[in-house]
Amino acid sequence: MFLRHGGQLLSVAKQYNIPAEQWLDLSTGIAPYHYPIPSIPSSVWAQLPQTHATLLASAEKYYKCPALLPVSGSQSVIQRLPQLYLYNNPWLAAQSERISVYLPVQGYKEHEKAWRKTGVNIIYYHDIPSMQQLNGQCVVVLINPNNPAGKLISKVQVLALLQAVKRRQGLLIVDEAFMDTVQTDQSVIADAQCENLIVLRSVGKFFGLAGLRLGFAAACDEWLAAIAADQGPWPVSGPAQYVGHKALSDSAWQQQQRLRLRSLSLRLSQLLKSVFNVQSKGTALFQTIRLANAENIYDKLCRQAVYVRLTDDEKALRFGIPAENNFSRLKKALQNI
Ligand SMILES: Cc1ncc(COP(=O)(O)O)c(C=O)c1O
């Protein structure tokens with residue numbers, strides 16, 4: 001399964017024959033302002049990363065959840081979970097085609113890629129699967145809020161879905177990579193202490209630190225032990241732990257970042273509305289707009305060295321949030337198309 005991702009600036013720059021430094025890259029949902037990198041003691045670089053105690057303490061406070069495992073980006077878990085689910089249980093592995101995995105029609109496709117490799121039966125849903133639709137041996141993957149659609153499923157609805165999954169002894173995986181900027185807390189991370197729920201969080205998006213490769217899995221002890229054993233030793237580097245700890249414990253910076261992202265994303269959605277006369281949908285980390293000629297507009301923006309994300313169905317464009325000083329350039333490029 002071939003997957004297109006944002007953040008492929010070098011190859012897009014080559015394709016359009018414009019030097020990479022000249023581009024405005026809005027192709028990802030990563031915050032345009034990152035947590036300031038503190039100076040990192042040389043011992044942190046020199047030693048093998050040790051226990052996660054300080055990182056865990058700040059993460060537990062930030063996520064309001066006591067059962068967390070630091071991982072090398074949530075992607076590292078997404079790509080391994082299907083194998084872990086099936087091969088920790090030989091009975092399930094022997095009949096993978098009888099397991100139904102419910103995936104959003106639109107959403108981060110790495111989930112689907114990983115599950116497809118295992119021969120399970122894939123069933124697509126819009127927004128949220130209906131309870132009646134769920135089969136006995138079910139795994140439900142929910143991306144909340146959805147990337148790129150921006151749709152948020154309320155906590156009440158997710159918890160009702162969890163009850164339905166529990167009754168079928170299934171597994172609910174909630175990918176909350178874009179949850180950090182949601183206005184009132186809709187995360188189900190604190191409920192992830194039963195064997196039927198795994199919640200994934202990413203430090204890359206909201207903190208603007210995608211290169212750090214840091215994320216968290218929240219689940220019951222058995223699941224966390226299985227993921228930890230699968231990761232092997234030293235999955236999260238010392239510098240990632242050091243910077244992650246500072247970022248997760250700096251609530252003043254987090255508050256400032258939230259306000260700044262909300263105001264910039266509102267400004268972006270107003271700009272898109274003024275140009276296309278269509279309301280965008282999204283989060284404070286990206287805005288997505290459905291357009292009949294999305295592919296053509298993508299191309300016209302690229303010709304002006306503005307790189308956005310053409311969605312997989314090629315019917316929408318997802319715009320990452322521009323930094324304050326990049327709005328005028330984006331506006332000009334949009335007005336030129
Ligand atoms: C919805 C979603 N989940 C998870 C990820 C993986 O992010 P990371 O591995 O940086 O935590 C991405 C990356 O774009 C994403 O869009």
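Here the structure is a predicted model, which is why all the values come from computation and not from measurement. Counting starts at 1 for both ligands and their atoms, in listed order. These values consider heavy atoms only, across backbone and side chains, with no hydrogens, waters or symmetry-generated copies.
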Which of the ligand 1 atoms, numbered from 1, are nearer than 4.0 Å to a heavy atom of [X]:
X: Ile143; value: 1 (C)
X: Gly73; value: 9 (O), 11 (O)
X: Ile78; value: 4 (C)
X: Ala177; value: 2 (C), 3 (N), 4 (C)
X: Arg213; value: 8 (P), 9 (O), 10 (O)

Using non-hydrogen atoms of the residue, decide whether Ser202 is closer than 4.0 angstrom to ligand 1. yes
Minimum heavy-atom separation for Ile227 to Val71, with atom names? CG2-CG1, 4.5 Å
If you look at every heavy atom in Gln75 and Tyr108, which pair is closest and at what distance?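 Closest heavy-atom pair between Gln75 and Tyr108: OE1-OH, 2.8 Å.
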To the nearest 0.1 Å, how far is [atom] from its closest protein heavy atom, and which atom is that?
atom: atom 14 (O) of ligand 1; value: Lys205 NZ, 3.0 Å
atom: atom 16 (O) of ligand 1; value: Asn147 ND2, 2.7 Å
atom: atom 6 (C) of ligand 1; value: Ser74 OG, 3.4 Å
atom: atom 2 (C) of ligand 1; value: Asp175 OD2, 3.4 Å

Go through it in stages, so that I can follow the logic: the residues are Gln137 and Arg168, the test is side chain to side chain contact (heavy atoms under 4.5 Å, CB included), and I'd like the CA-CA distance, side-chain angles, deciding distance and then a yes or no. CA-CA 7 Å; Gln137 204 65 58; Arg168 292 161 177 82; over 6 Å; no
Polar atom proximity, Gln75 to ligand 1 (N or O, under 3.5 Å): yes
Tyr108 N/O to ligand 1 N/O under 3.5 Å: no
Using the rule that two of Ile, Leu, Val, Met, Phe, Trp, Tyr join whenever any of their side-chain heavy atoms come within less than 4.5 Å, decide whether Leu214 and Val243 are in one cluster. yes
Under the side chain to side chain contact (heavy atoms under 4.5 Å, CB included) criterion, do Lys281 and Lys151 qualify, and how do the steps go? CA-CA 8 Å; Lys281 295 203 168 126; Lys151 174 93 184 169; over 6 Å; no
Over 60° means perpendicular and under 30° means parallel, so classify the ring planes of Tyr62 and Phe206, tilted if in between. parallel
Any idea how Tyr35 and Phe207 line up, ring-wise: parallel (<30°), tilted (30 to 60°), or perpendicular (>60°)?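 If you compare the ring of Tyr35 with that of Phe207, the planes turn out perpendicular.
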Are there more than 12 heavy atoms of other residues, nucleotides or ligands under 6.0 Å from atom CD of Gln279?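 Yes, the 6.0 Å shell around CD holds more than 12 heavy atoms from other groups.
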